[in-house]
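Notes follow the structure.
Everything quoted here is computed from the prediction, not taken from an experiment. Atoms considered below: every heavy atom in the structure, side chains included; atoms not considered: hydrogens, waters and symmetry mates.
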Amino acid sequence: VKGLVLVTALLTAQVGMMPANPAYATRVLTNSTTTASTGANTTETDLWTYSMPANTLVADGKAVRIAVYGSTAANANVKTVRLYFGSTLLRTVFSAASNNETWYATAVVLRSGASAEVAVTYNIISGTVASTNTAPNEATASPIVIRVTGQNGTATAGDIVFRGAVVELLP
Amino acid sequence: VKSLLVLALALGAVEQVSLVPQPRVIQTLTSNSTTAGTPASVNPTTLWSYSLPANALDYDGKAIRVTAWGTVSATVGVKGAQIQFNNDVVSVRGTGQTSVTWWLQAVVTRTGAATLQGFGTDFTGNSVSGAGPTISSPGISTATAITISVVGTGLGVANDVVFLGSTVEIMP
């Protein structure tokens, strides 16, 4: 009887912690609030990277949602932020003389084949919204690096600041 | 008893108890679709609130995503809606548009036991805030309950700002 009680308790506890259908649960793959800034140069610089494990997008229809955000320094220098999925540029988030603003971008990348994806990316900055459709050809059987880069137009340290990111897996 | 233990193993219950790392499943803490509107006043009014339990954000990196939406009336002038954590604004929108929808979202991540980082975005109608997204650093203890609320500010006509719905998700 004790064994039966134990097993029942264990199973109840397990079921109680499980979502209704875990196969369809959205999951956090990674998140970050670690600040990173451009240096005193005009080189395109990685401000945040995440290596998505191989076979995360294991079947057509699986997708990842990427949200990134940051800010710009209070000056009139031209600044450029880009969001990549593997070798594919999902979108140039902005390339402008952004002066003391916050910036934000979200992308959804959906697998359409073993080495094919469709993606939509939109961003907000300076009171405007803009979007881009892309068709990456990244091999899902290998790790895929998702990254944000910053590139100063003038060699001033800290012109572009990355402040946070969330990557979710949409099964 | 042996058979029962074998059954438990087969069903994964013992694995669960052995603290195998669990996937970072996002869960909905609450959702609401009870309409609420601002009164005939120009004072900020709480249109919806939720008490996030103490220690819900029990480690750094854990986050809450709040999404809320509604409408603004035909009254001419700037009307506003905010998402607040206690009294800290984590997403905000003021608009002079009339008879449009508004949408706010905030992701608030624990960076310390009493420090959070908020990031808010907004839309009304076909535009976003000229001030850009909202980055905030609320200094709120995660060891006590946190009140998450939507606050609307109208222009003195009832229902200048109407709350229509919200969701609160926890992101482990």
Side-chain angles (χ1 to χ4, degrees), chain A residues 1-35 65 67-72 94 98 100-106 122-130 161 163-171, chain B residues 1-18 20 22-28 60-65 91 93 95 105-112 115-137 169-172:
Chain A
V1 173
K2 286 181 180 175
L4 181 60
V5 171
L6 172 64
V7 170
T8 302
L10 291 175
L11 291 175
T12 302
Q14 183 184 33
V15 171
M17 286 187 281
M18 299 279 281
N21 190 338
Y24 294 101
T26 301
R27 299 173 181 181
V28 176
L29 293 177
T30 188
N31 63 343
S32 173
T33 55
T34 302
T35 299
R65 179 166 50 206
V68 297
Y69 59 93
S71 59
T72 59
F94 66 93
S98 173
N100 195 25
E101 295 181 302
T102 55
W103 52 267
Y104 169 80
T106 284
Y122 77 87
N123 65 268
I124 302 172
I125 187 169
S126 304
T128 60
V129 180
V161 182
R163 296 190 179 276
V166 180
V167 181
E168 300 165 73
L169 175 64
L170 313 176
Chain B
V1 171
K2 284 181 180 175
S3 298
L4 290 171
L5 287 174
V6 168
L7 174 64
L9 281 166
L11 293 174
V14 173
E15 181 184 55
Q16 177 85 47
V17 171
S18 68
V20 169
Q22 297 299 298
R24 300 171 67 180
V25 174
I26 297 171
Q27 294 182 297
T28 301
D60 294 354
K62 201 170 185 181
I64 298 291
R65 179 166 55 199
S91 185
R93 177 63 167 155
T95 182
Q105 187 171 78
V107 175
V108 180
T109 305
R110 173 178 152 153
T111 55
T115 56
L116 307 171
Q117 182 184 100
F119 183 75
T121 48
D122 63 87
F123 297 93
T124 52
N126 60 354
S127 70
V128 296
S129 171
T134 304
I135 295 177
S136 58
S137 302
E169 301 163 276
I170 191 160
M171 308 171 75

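- B:I135 contributes atom CD1, which lies 12.0 Å from atom OH of A:Y104 (distance to the nearest 0.5 angstrom).
- With hydrogens and angles ignored, the 3.5 Å screen pairs no side-chain donor or acceptor of A:T106 with any backbone N or O of A:Y122.
- Heavy atoms closer than 4.5 Å to chain B are found in the backbone of A:L29, but not in its side chain.
- Checked by atom type and distance alone, the side chain of A:T102 pairs as donor or acceptor with a backbone atom of B:P133 at under 3.5 Å.
- Across all non-hydrogen atoms, the minimal contact from B:S129 to B:R93 is CA-NH1, 2.8 Å.
- Heavy atoms closer than 4.5 Å to chain B are found in the backbone of A:T128, but not in its side chain.
- A:T33 touches chain B through backbone and side chain together, each having a heavy atom under 4.5 Å away.
- Contact of B:S127 with chain A is not made at all, since no heavy-atom distance falls under 4.5 Å.
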